[in-house]
Amino acid sequence: MARALLEMRDIVKSYQVGDEEQIILDHIDFTVDENQFVSVLGPSGSGKSTLMNIIGCLDMATGGEYCLAGQLIEDMDQTELARIRNKEIGFVFQSFQLLNRLSVLENVELPLIYAHTPTHERRQKALEIIDRVGLSHRIDYFPNQLSGGQQQRVAIARAVITQPSILLADEPTGALDQATGRAVLDLFKELHREGRTIIMITHDASIASAAQRIVKLLDGRLYEGEAANA
Ligand SMILES: Nc1ncnc2c1ncn2[C@@H]1O[C@H](COP(=O)(O)OP(=O)(O)OP(=O)(O)O)[C@@H](O)[C@H]1O
Ligand SMILES: [Mg+2]
């Protein structure tokens, strides 16, 4: 039996705008098992980033229950949230979000510095994972000396170096041309084959199809299988 890494029940996210309550996520149930590669597909404004922020413990739902790696998120304070986020989630963003004053090696090492990993071990792990994403010849380069696809591969290396339970990517190919985007998707597929759990958010159906499972977000509701094709 596959183990559920992420379980959302009846999740609601709403904002008070003036006198009105805007419901962005409308009673969502979402479960992701270990070693799944799932895409969340939806048009602009459908609530994808809102959902991603809640999954990544960057934001809290207004209602419902969210359980990540066996831990209930609702009752956690900011310190506990930061701890579970650092341990369980690796983030990849559309805009890479690398630190420009740090080299490739230093960018990838950074999460392990925060985790107080000893220098030698940190360096060894960083070199391994940089090799894994095919950038061993670029370790001393700075982000602005890399192509977009290379920058995104550095960002992916940085996201997985702590061995998070979930790799969470929001439009990871959004800033890349088609061929480079494909290469990033191929890397996700390989990481998935190696046992990682990946949640990828996109507005593009052809990109979503890289995953083994696609859920659709429309007007704050989540659809899957037959319902998603209706
Ligand atoms: N702080 C806020 N107050 C009110 N409404 C908000 C707030 N933040 C987001 N929203 C609304 O939530 C909706 C969903 O936003 P979200 O960023 O999740 O969309 P998205 O699916 O990621 O879109 P895109 O593909 O353009 O990135 C939008 O209509 C937005 O206006
Ligand atoms: Mg978004």
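For ligands, and for the atoms within them, numbers begin at 1 and follow the listed sequence. All residue numbers refer to positions in the sequence shown, counting from 1.
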R132/E128 salt bridge by N-O under 4.0 Å criterion: no

Keeping waters out of it, list the protein N, O or S atoms under 2.8 Å from the Mg ion (ligand 2). S49 OG

Shortest non-hydrogen contact from C57 toward I84: SG-CG2, 4.1 Å

Cluster check M8, M52: I/L/V/M/F/W/Y, side chain < 4.5 angstrom: yes

Test item: S39 side-chain N/O and A208 main-chain N/O as donor-acceptor pair under 3.5 Å: yes

List the protein residues in contact with ligand 1, where contact means a heavy-atom separation under 4.0 angstrom.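 Near ligand 1, by chain and number: Y15, V17, I24, P43, S44, G45, S46, G47, K48, S49, T50.
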
More than 12 heavy atoms from other groups under 6.0 Å of NE2 on H137: yes

Any chance CD of Q16 has more than 12 other-residue heavy atoms, nucleotides or ligands included, within less than 6.0 Å?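 Yes, enclosed.
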
Between R85, R158, Q97, which is the residue that forms a side-chain contact (heavy atoms from CB on, under 4.5 Å) with F91? R85

Could you point out which residue of R196, M200, R193 forms a side-chain contact (heavy atoms from CB on, under 4.5 Å) with F37?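 The residue from R196, M200, R193 that satisfies side-chain contact (heavy atoms from CB on, under 4.5 Å) with F37 turns out to be M200.
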
Can you tell me if S136 and D131 form a side-chain donor-acceptor pair at under 3.5 Å? yes

